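Being a predicted model, the structure only gives us computed values, none of them experimental. Chain letters run A, B, ... following the sequence lines, proteins first and then strands; every chain starts at 1.
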Amino acid sequence: MSEEMKHIEETEDVWSNFIHDFIEEDIAPGGRFAGMKVHTRFPPEPNGYLHIGHAKAIYIDFATAEKYNGLCNLRMDDTNPTKEDVEYVKAIQEDIAWLGFSWGDRFYYASDYFGKMYEIAVNLIKKGLAYVCECTAEEMRENRGDLTNPAISPYRDRPIEESLDLFKRMKAGEFSDGAMTLRAKIDLASGNFNMRDPVLYRISHMHHHRTGNEWYIYPMYDYAHPIEDALEGITHSLCSLEFEDHRPLYEWVILHSELQCQPRQIEFARLNMNHMVMSKRKLRLLVENNIVSGWDDPRMPTLSGLRRRGYTPIAIRNFCERIGVSKVNSVVEYSFLEHCLREELNISAQRVMAVLDPVKLIVTNYPKDLVEEFEIENNPNRPEDGTRTITFSRESWIERSDFTEEPVKGYFRFFPGNEVRMKTTYIVKCTGCKKDENGNVIEVYGEYDSATRGGTTPDGRKVRGTIHWVDARNALNAEIRLYDNLFTEADPESGELLDLINEKSLQVLENCKVEASVKELDSKSSFQFMRQGYFCFDSQDSTQEHLVFNRTVSLKDSFKKK
RNA sequence: UGGGCUGUCGCCAAGCGGUAAGGCAACGGACUUUGACUCCGUCACUCGUAGGUUCGAAUCCUGCCAGCCCAGCCA
């Protein structure tokens, strides 16, 4: 079997969904796109940062093209100057590239096609398929009819020449915003409101981030999108479910535009997740009100926020792949995203030892001036990642929760009389502790067994507990930040903005102790924090004193009472 | 109320007339120099519901029920 065949077989094993069924039907002999290369597009409006919900759409658009050895374009859908800004364009490109998808040299703007769209509109008027309407927004609303009554349009039968003249003058900027619109002449009685003579063009004297003040009229999504797709030779225009009702209009525009390419629109359900808010409007409010530090605040569900929180592109892509594609309005559990990260980090993350809540351990029978070096693997799952050297001496920092005076049944870490393995070094027997006047443990004492170097037991005795630790002589003091989603489960869509903030989404742990080797590791690496989960450096603020604990990965209590 | 769409395990999701894949979560257990990871086991006699067609239905037909989307000069 050739590599290519193998690849195809593998990808087919991974997913199969209704979109593929349509595509396969289309590219099969005799199909709508027989013999053509599958061509998709991802068309964000540059009015905000991309979030995990967009990742699903990006994945579907790009991975579907990849699966059929086709192409996927990246296009800024910038047909509404009142909402868009260049600031977002770069961020969008960066996030998609970060996910590992490439649009090659096919980066476009809808605004590139304004001229062609205008020509097509003129032609529509000439064919009697569009007319200039002078209804105000209110009149339009009043005339729209309702579920059972058809719409009314007083300007519908305006002579072609008159519409042509008016439309040209609209373009020339003769009329003020809202004075008139260009409308398609379709069906005022349609049960589908999108077909009740939809607006094709509106007047706006606003400055456009790319075309400046060249245009006074801007095309509506329903008119612009099919033309953009057709001009780019898109075969499959994949979008979310709320556009199902727009498909007849999409097809109407394609048909009457008389363009060569006739793309097929296919809709899928957008991503919903518990514990996360995907509303761009709300995310923007958080940023504008400085409730978060920016779109890339690690508590945000944006791709840039998730990136700073330690998420990797592979984890997010795997997630998108495994949630599948369907037309069911579903809510994916956040734990599934966490799983995908954990799964990837377990393979790729470089390990390092750290103590979040330190208490000192003194090995009383260990020579005062002795320092021993040990080699420890960077990643037990991947020996090729090599080892690093750590030191061990008389005093170490251990986790406060790794010692107790009164062990519950099943507890097998430090308690007086119990032996514990300090990872990679020795087996240490707990001999007691020292407390302050309030009864808080301030030091733990133990005696090591020099015959157990490397953590082995020559006599074969079993030692169940193995703990992580950091040499007190050279430990780095660190502030570790635990990040979680900004939003709570509580009714994210209806609550007030401030009510949605989860105060526990950022916890700062001071006085954490991290092993000295950290300064030599790449600041973009993820690290596994023993027994607790993973943490990583914040790629925006990667000083050695600032580690970001990846809260997304299991903070569940690892010790279960039995 | 008109139009469109959807209902398979707590959550995703295969299935396309031949007798319910898989993943997440959960729960047992094994293993373990991370109580992690890994592994192994349990977890839908049933596919929104009521009928019908069929030797046979989650899959076809009909009715009903539930949910989502649409009356922006937003996308």
Asks: Indicate whether OP1 or OP2 belonging to B:A13 is found under 4.0 Å from a side-chain N or O atom of A:Ser326.
Replies: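 For B:A13, OP1/OP2 do have a side-chain N/O of A:Ser326 under 4.0 Å.
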Asks: With ring centroids as reference points, do A:Phe114 and A:His208 lie under 6.0 angstrom apart?
Replies: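 Yes, the ring of A:Phe114 comes within the 6.0 Å limit of the ring of A:His208, centre to centre.
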Asks: Base, sugar-phosphate, or nothing for A:Tyr201, non-hydrogen atoms under 4.0 angstrom?
Replies: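 Counting heavy atoms under 4.0 Å across all strands, no contact is made by A:Tyr201.
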Asks: Please classify the nucleic acid contact of A:Arg247 as base, sugar-phosphate, or nothing, using heavy-atom distances under 4.0 Å.
Replies: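 It contacts nothing in the nucleic acid.
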Asks: Is A:Gly465 touching bases, backbone alone, or none of the nucleic acid, heavy atoms closer than 4.0 Å?
Replies: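 Nothing: the residue A:Gly465, judged by heavy atoms under 4.0 Å, touches no strand.
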Asks: Check the phosphate of B:C74 against A:Arg202, side-chain N and O only, distance under 4.0 Å to OP1 or OP2. Yes or no?
Replies: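 Answer yes for this pair, as a side-chain N or O of A:Arg202 is under 4.0 Å from OP1 or OP2.
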Asks: When all nucleic acid strands are considered with a 4.0 Å heavy-atom cut-off, which category describes A:Asp146: base, sugar-phosphate, or nothing?
Replies: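 Base contact.
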Asks: What's A:Phe336 touching, base or sugar-phosphate or nothing? Going by heavy atoms closer than 4.0 Å.
Replies: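 A:Phe336: backbone/sugar contact only, no base atoms under 4.0 Å.
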Asks: Check this one for me: any side-chain N or O of A:His339 less than 4.0 Å away from OP1 or OP2 of B:C24?
Replies: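 Yes, such a contact exists.
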Asks: Base, sugar-phosphate or nothing for A:Met220? Non-hydrogen atoms, less than 4.0 Å.
Replies: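 Contact class for A:Met220: sugar-phosphate only.
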Asks: Answer yes or no: does a side-chain N or O of A:Arg144 lie under 4.0 Å from OP1 or OP2 of B:C73?
Replies: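 Checking A:Arg144 against B:C73: at least one side-chain N or O falls below 4.0 Å of OP1 or OP2.
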Asks: Give A:His225 one of three labels, base, sugar-phosphate or nothing, depending on what nucleic acid heavy atoms sit under 4.0 Å from its own.
Replies: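 The residue A:His225 makes no contact with any strand.
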Asks: What is the nucleic acid contact for A:Thr79, judged by heavy atoms within less than 4.0 Å: base, sugar-phosphate only, or nothing?
Replies: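 Touches sugar-phosphate only.
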Asks: Which part of the nucleic acid, if any, lies within reach of A:Cys340 when heavy atoms closer than 4.0 Å are counted: base, sugar-phosphate only, or nothing?
Replies: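 Contact class for A:Cys340: none.
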Asks: Can you tell me the base-pairing partner of B:C5? Count Watson-Crick or G-U wobble geometry only, both distances below 3.5 Å, and say none if there is no partner.
Replies: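 For B:C5, the partner nucleotide comes out as B:G67, under the 3.5 Å rule.
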Asks: Between A:Ser335 and B:C11, is there a contact of a side-chain N or O with OP1 or OP2 at under 4.0 Å?
Replies: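 Answer no for this pair, as no side-chain N or O of A:Ser335 is under 4.0 Å from OP1 or OP2.
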